[in-house]
Amino acid sequence: MDKFPYKGVALAGIIRLGDLPVHRLGFGAMRLCGDSAWGRPRDRGHANRVLHRAIELGVNLIDTADSYGPEANESQISEALYPYPPGLVIATKGGLVRPNRRSWVEDGRPEHLRRAVEGSLQRLRLERIDLYQLHAPDPNVPFAESMEALADLKRAGKIRHIGISNVTVAQLEAARSITPIVSVQNPYNLRNRTSEDVLAACERLGIAFLPWYPLGGKRGLKALKVKQVASRRGLTHAALSLAWLLAKSPVMLPIPGTRSIDHLEDNVRAASLRLAPEDIADLG
Ligand SMILES: NC(=O)c1ccc[n+]([C@@H]2O[C@H](COP(=O)([O-])OP(=O)(O)OC[C@H]3O[C@@H](n4cnc5c(N)ncnc54)[C@H](OP(=O)(O)O)[C@@H]3O)[C@@H](O)[C@H]2O)c1
């Protein structure tokens with residue numbers, strides 16, 4: 001019998017990415033690469049076990065990108081999980097390149113995005129990518145050109161749904177004027193709420209908001225108010241931070257990442273937590 005005493009991420013409820021229902025707590029695979037999202041994991045067998053455990057716990061949205069590794073993260077996912085279980089949505093991203101481990105450089109040129117989608121399809125062993133996200137607008141390429149390229153790829157059947165990442169409300173509106181957008185992925189956590197306006201726009205539109213860096217790093221997890229509420233409720237800081245996100249908005253779809261099965265299980269606990277109004281008030 002499974003020693004894990006929780007029912008898994010199903011308790012977080014469901015949100016739709018276009019026509020695709022997913023549990024409202026996903027898994028961000030970036031941390032399965034080497035340090036700085038560069039190279040392969042030191043222990044590929046262990047990385048495979050983390051991905052399998054995520055699926056066992058009910059995760060049916062995995063977020064990745066061609067720039068994680070680069071390429072290695074997508075290959076790791078197909079190595080571990082192909083043939084994919086029914087209902088698993090793999091969300092990948094393109095539009096950033098990695099000349100070296102320290103650099104992330106935008107490339108939103110249509111010809112690059114076309115090549116990037118072909119590469120992701122191959123590495124993920126898919127005929128169509130369920131959710132393809134523009135990783136970030138390219139300041140050197142008109143945003144509309146990047147979005148039109150993705151709309152063309154969708155029409156060509158290579159992409160099922162389009163998402164965007166690291167955008168403003170104005171860019172969300174500009175993208176929507178070109179093609180339907182099912183999700184936005186921006187940084188958001190207890191400490192960093194600079195995308196509050198984008199979250200509000202997603203709520204108005206009824207589309208998913210995927211907060212990246214949802215745990216807010218060591219400083220986020222150790223913030224005084226998090227410590228106080230977590231100790232009062234007997235929770236880990238990570239589970240509390242994720243439960244706060246889930247309570248914050250019905251369109252919130254956190255994608256926490258980890259290399260550790262214990263941390264993965266801890267994060268999944270957030271799905272079954274219901275914070276009291278005083279907890280939410282104390283967290284601000
Ligand atoms: N769109 C973008 O530009 C963008 C940028 C960054 C990330 N992302 C996506 O967002 C996902 C999540 O972002 P992220 O990995 O930067 O941030 P995160 O999920 O908030 O944090 C991951 C870090 O927290 C630690 N951690 C995870 N669970 C923990 C727990 N229960 N207790 C203590 N520590 C824990 C991990 O270390 P351990 O491995 O030791 O657990 C890791 O160092 C990524 O995987 C990626 O898919 C997107």
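Quantities reported herein were computed from a predicted structural model and do not represent experimental measurements. Order of appearance sets the numbers: ligands from 1, and atoms from 1 within every ligand.
- Per-residue contacts place P214 under 4.0 angstrom from the following atoms of ligand 1 (heavy atoms of the residue considered): 12 (C), 13 (O), 17 (O), 18 (P), 19 (O), 20 (O).
- Checked against a 3.5 angstrom limit, the closest N/O atoms of G217 and ligand 1 fall outside it.
- Under the 4.0 angstrom criterion for non-hydrogen atoms, Y68 is in contact with ligand 1.
- Considering backbone and side-chain N/O atoms, D63 comes within less than 3.5 Å of an N/O atom of ligand 1.
- In terms of protein heavy atoms, atom 44 (C) of ligand 1 is closest to M30 CB, 3.6 Å.
- The same ILVMFWY cluster, assembled from side-chain heavy atoms under 4.5 Å apart, contains both L126 and L150.
- Within ligand 1, counting atoms from 1 as listed, the ones closer than 4.0 Å to a heavy atom of Q185 are 1 (N), 2 (C), 4 (C), 8 (N), 9 (C), 48 (C).
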Chi angles and distances behind the side-chain contact (heavy atoms from CB on, under 4.5 Å) call for L275, L283: CA-CA 10 Å; L275 297 185; L283 290 168; 4.2 Å; yes
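- With a 4.0 Å heavy-atom cut-off, ligand 1 is reached by no atom of A239.
- Closest to atom 6 (C) of ligand 1, if we only count protein heavy atoms, is W212 CE3, 3.3 Å.
- For L215, heavy-atom contacts with ligand 1 shorter than 4.0 Å involve the backbone as well as the side chain.
- Taking every heavy atom of R31 and a limit of under 4.0 angstrom, the matching atoms of ligand 1 come to 14 (P), 15 (O), 16 (O), 17 (O), 22 (C), 23 (C), 42 (C), 43 (O).
- Residue-ligand proximity, A29 to ligand 1, at heavy-atom distances under 4.0 Å covers atoms 45 (O), 47 (O).
- Under a 4.0 Å criterion applied to the non-hydrogen atoms of N166, ligand 1 contributes the atoms 1 (N), 2 (C), 3 (O).
- Counting the atoms of ligand 1 from 1 in the order shown, those under 4.0 Å from a heavy atom of H135 are 1 (N), 2 (C), 3 (O).
- Nearest-residue assignment for atom 28 (N) of ligand 1 (options L264, N267, V50; heavy-atom criterion): N267.
- Closest protein heavy atom to atom 27 (C) of ligand 1: G257 O, 3.2 Å.
- Residue P256 has no nitrogen or oxygen atom sitting less than 3.5 Å from a nitrogen or oxygen atom of ligand 1, judged on distance alone.
- Between S165 and ligand 1, an N or O atom pair is found at a separation short of 3.5 Å.
- V169 and W212 are not part of a single hydrophobic cluster, where members link through side-chain heavy atoms under 4.5 Å apart.
- Heavy-atom proximity to A238, at under 4.0 Å, picks out these atoms of ligand 1: 30 (C), 31 (N), 32 (N).
- Annotation: atom 11 (C) of ligand 1 to nearest protein heavy atom, I255 O, 3.2 Å.
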Test log, rule side-chain contact (heavy atoms from CB on, under 4.5 Å), inputs L61 and L210: CA-CA 11 Å; L61 171 72; L210 283 66; 4.2 Å; yes
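- Considering R269, E265, R259, H263 only, the shortest heavy-atom separation from atom 33 (C) of ligand 1 involves H263.
- A donor-acceptor contact shorter than 3.5 Å links the side chain of D138 to the backbone of G108.
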Intermediate values then yes/no, salt bridge (Lys or Arg N to Asp or Glu O under 4.0 Å), K248 and E196: CA-CA 11 Å; K248 177 82 185 165; E196 199 82 62; 3.6 Å; yes
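- Between R115 and E118, none of the side-chain N atoms (NZ, or NE/NH1/NH2) sits under 4.0 Å from a carboxylate O, so this pair counts as no salt bridge.
- Near K93, meaning under 4.0 Å from one of its heavy atoms, ligand 1 places the atoms 1 (N).
- The aromatic rings of Y68 and W104 sit perpendicular, their planes meeting at an angle over 60°, well past the 30° parallel limit.
- Among all non-hydrogen protein atoms, the one lying nearest atom 13 (O) of ligand 1 is Y213 N, 3.3 Å.
- For S103 (side chain) and V105 (main-chain N/O), no donor-acceptor pair under 3.5 Å exists by modelled atom type.
- Side-chain N or O atoms of S120 include none that pairs as donor or acceptor with a backbone N or O of V117 at under 3.5 Å.
- In this structure, L199 and M252 have side chains that are in contact, with non-hydrogen atoms separated by less than 4.5 Å.
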CA sep, side-chain torsions, deciding dist, call: T64, E74, side-chain hydrogen bond (donor to acceptor under 3.5 Å, both in side chains): CA-CA 7 Å; T64 180; E74 291 181 331; 5.1 Å; no
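- Salt bridge D279/R232: present, at least one basic N to carboxylate O contact under 4.0 Å.
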